[in-house]
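The structure appears right after this line, and notes come after that.
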Amino acid sequence: MTNASVREFKMPDVGEGLTEAEILKWYVQPGDTVTDGQVVCEVETAKAAVELPIPYDGVVRALHFPEGTTVDVGTSIIAVEVAGGAAPAQEEAPAAPAPAAEPERPAEQPAARQPVLVGYGVATSSTRRRPRKQAQDPAAQEAASAVQSELNGHGAAPAAPPAPVAPAAPASSAAPAQRPLAKPPVRKLAKDLGVDLATITPTGPDGVITRDDVHAAVAAAQAPQQAAPVDGPAAPAAPAPSAAPASYDSVRETRIPVKGVRKATAAAMVGSAFTAPHVTEFVTVDVTRTMKLVEELKQDKEFAGLRVNPLLLIAKALLVAIRRNPDINASWDEAAQEIVVKHYVNLGIAAATPRGLIVPNIKDAHAKTLPELAASLGELVSTAREGRTSPSAMQGGTVTITNVGVFGVDTGTPILNPGESAILAVGAIKLQPWVHKGKVKPRQVTTLALSFDHRLVDGELGSKVLADVAAVLEQPKRLITWA
């Protein structure tokens, strides 16, 4: 490339206040040609999976991190050679091969934080990095910097003659600079399985050992032990059982790193449970008429192509209850010591996804007609299942519904979504004997549970809201008479 320069594309701030993201998948490889706006990778933040577009044309020269690596915001993740032109202000040419863990930035970087545009980075001078654990001695710290430098694509550590190591010495006695490249979860897996990383041939990018490499090493080590009783002379069957327990013990536990959506959810739930005093109330209600209405709406042309289910009418019932009792739609401002009543409803729907529990919300749900609400619910659910929920869709919620009934559960005591004052849990709808018009008849029945923040919602208000939701579901004509 004539008059070419290499530009470093940095991990952008893809959501407000996020400090890191995990690289889930690379869509390009070194040598590939990219164009402005082309998606080069998918990353997962604490809130969602996001695709990152590259902001210029050029040729990929290096991918600084393999898939599965968690990278701080502001750290360069890919180098692209472009034709001519100076690098934009938020980009940084790879002239200074500083380790990714070093928080200092070149003086030419702008001091003020620039507006964030997904895929185009942020001003690195405003980036705050997570605190790093310091090495306990200078040699270990130097080795850690060398390994990080290799992963960042800035070249290997300064060539120093490796200290001779006896063949029988354990991996922990090797010089720190010679440690095999592997992520902490992979190192932990190898330790649990009793595998020496130094004996593994890496297959990951840039010579990084992967989880598959560790499992392959375990399988290879077990194969000869399992074959020995067959190939050896006839003998008592004792050797085979002795090998089995070791193999069995090595896979009795699976350790899953807590990160991304699951890590954020865990922190939020702990914070909510130990900050807001929860109170939960329950009511069991006959929803037979609501179920009949659901079937009728499925045949209505106004709902053609839309998904109509009980959750739609439950959501509408909650919106009606909020309109009748607006103080339930509020939050507690600890810093200002104020109760903030919201005059809009961003209705959150808890969704279980492969990445963990997320709670996207329908903006201004209170202003939507029933068909509009059905369309919004359908889009929310499908987007969540595909793992494409954006960070903005999970911000600003005011009240939440969690439908545990889909798992056959009668009800539960839901934990408040942080920043909200109420959450409604919906149990399974079951055919049960019920007294109806003085006679015991089979009716469609469910149990509702409403948890609320007792700092700003007293028992009377919480009871009124729950009773109103139940009343609408028992007599859905109230959707009209109470409108």
Side-chain angles (χ1 to χ4, degrees), residues 280-298 300 302-303 306-330 342 344-351 359 361-378 380-381 397-406 410-412 414 416-417 420-430 434 443-452 457 460-483:
T280 306
E281 295 185 342
F282 307 87
V283 65
T284 302
V285 58
D286 177 2
V287 294
T288 304
R289 292 187 178 91
T290 289
M291 298 303 291
K292 289 181 179 179
L293 180 56
V294 168
E295 295 304 317
E296 292 173 4
L297 292 179
K298 289 180 179 179
D300 194 309
E302 295 295 328
F303 293 86
L306 299 177
R307 184 178 181 182
V308 179
N309 55 23
L311 180 61
L312 170 63
L313 295 184
I314 292 168
K316 193 64 176 179
L318 179 58
L319 293 172
V320 169
I322 292 173
R323 185 169 65 245
R324 288 166 56 86
N325 306 275
D327 288 346
I328 194 74
N329 189 47
K342 313 294 177 62
Y344 58 91
V345 181
N346 290 345
L347 182 61
I349 304 295
V359 188
N361 60 77
I362 300 172
K363 309 298 184 187
D364 293 323
H366 67 287
K368 295 183 180 293
T369 64
L370 198 59
E372 290 172 344
L373 188 61
S376 297
L377 273 172
L380 179 148
V381 172
T398 63
V399 67
T400 295
I401 295 176
T402 178
N403 184 10
V404 298
V406 296
D410 290 335
T411 191
L416 294 168
N417 203 31
E420 301 178 10
S421 63
I423 179 172
L424 178 70
V426 182
I429 299 174
K430 299 179 180 179
W434 194 262
R443 304 287 287 180
Q444 298 280 359
V445 177
T446 190
T447 300
L448 307 175
L450 183 73
S451 291
F452 50 86
V457 180
E460 179 184 11
L461 176 58
S463 299
K464 284 182 177 180
V465 171
L466 186 59
D468 281 355
V469 174
V472 172
L473 295 178
E474 185 176 18
Q475 294 284 353
K477 66 182 181 181
R478 291 190 172 103
L479 290 171
I480 301 174
T481 60
W482 286 0

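- Under the 4.5 Å side-chain criterion, counting only non-hydrogen atoms from C-beta, Leu312 is in contact with Phe303.
- Distance alone, capped at 3.5 Å, is enough to place a donor-acceptor pair between the Ser421 side chain and the Ile328 backbone.
- Counting all heavy atoms, side chain and backbone alike, Gly462 lies closest to Glu281 at C-OE1, 3.7 Å.
- Residues Ser451 and Leu416 share a closest heavy-atom pair of O-CD2, 3.6 Å.
- Legend: residues meeting side chain to side chain contact (heavy atoms under 4.5 Å, CB included) with Thr398, ordered by chain and number and at least two apart, are Asn329, Lys342, Tyr344, Val345, Asn346.
- Between Arg307 and Ala374, the shortest heavy-atom contact is O-CB, 4.1 Å.
- Minimum interatomic distance between Ile429 and Pro310 (heavy atoms only, all atoms of both residues): CD1-CB, 3.9 Å.
- Lys316 places a side-chain heavy atom less than 4.5 Å from the side chain of Leu479.
- The distance from the CD1 atom of Ile362 to the CG atom of Leu373 is 5.0 Å, given to the nearest 0.5 Å.
- Put simply, the side chain of Val404 reaches to within 4.5 Å of the side chain of Thr402, judged on heavy atoms.
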Would Thr481 and Gln475 count as a side-chain contact (heavy atoms from CB on, under 4.5 Å) if you check the C-alpha gap in whole Å, the side-chain angles of each, and the deciding distance to 0.1 Å? CA-CA 10 Å; Thr481 60; Gln475 294 284 353; over 6 Å; no
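- For the pair Thr446 and Thr284, the minimum side-chain heavy-atom distance is 4.5 Å or more.
- Here the shortest heavy-atom pairing between Lys363 and Asn361 reads NZ-OD1, 2.9 Å.
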Quick one: side chains of residues 285-294, donor-acceptor pairs under 3.5 Å with protein atoms, not counting sequence neighbours, listed by atom name and distance.
| residue | atom | partner | partner atom | Å |
| --- | --- | --- | --- | --- |
| Asp286 | OD1 | Thr288 | N | 3.0 |
| Asp286 | OD1 | Thr288 | OG1 | 2.6 |
| Asp286 | OD2 | Arg443 | NE | 2.8 |
| Asp286 | OD2 | Arg443 | NH2 | 3.2 |
| Thr288 | OG1 | Arg443 | NE | 3.4 |
| Thr288 | OG1 | Gln444 | N | 2.9 |
| Thr290 | OG1 | Leu473 | O | 2.4 |

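- Closest heavy-atom contact between Ala449 and Thr280: CB-CG2, 4.1 Å.
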Hey, mind stepping through Leu424 and Thr400 against side-chain contact (heavy atoms from CB on, under 4.5 Å) and telling me if it holds? CA-CA 6 Å; Leu424 178 70; Thr400 295; over 6 Å; no
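- Side-chain atoms of Phe282 and Leu448, non-hydrogen and from C-beta on, never get closer than 4.5 Å to each other.
- Side-chain contact between Val469 and Val283 is absent, with no heavy atoms from C-beta onward closer than 4.5 Å.
- No side-chain donor-acceptor contact under 3.5 Å links Thr447 and Thr411.
- When each of Leu297, Asp300, Val308 is paired with Leu370, the side-chain contact (heavy atoms from CB on, under 4.5 Å) condition holds for Leu297 and for no other.
- Proximity of a side-chain donor or acceptor of Arg323 to a complementary backbone N or O of His366 within less than 3.5 Å is not detected.
- Ile314 contributes atom CD1, which lies 6.5 Å from atom CG of Asn403 (distance to the nearest 0.5 angstrom).
- Judged as a salt bridge (charged side-chain N to carboxylate O under 4.0 Å, His left out), and not counting sequence neighbours, Glu302 has no contacts.
- For the side chain to side chain contact (heavy atoms under 4.5 Å, CB included) test, residues two or more places apart in sequence or in another chain that qualify with Ala375 are Leu306.
- A search for salt bridge (charged side-chain N to carboxylate O under 4.0 Å, His left out) contacts involving Asp327 returns nothing, not counting sequence neighbours.
- Using a 4.5 Å heavy-atom cutoff, the side chains of Leu318 and Leu347 are in contact.
- Applying the salt bridge (charged side-chain N to carboxylate O under 4.0 Å, His left out) test to every pair with at least one member in residues 466-477, sequence neighbours left out, gives these pairs: Arg324-Asp468.
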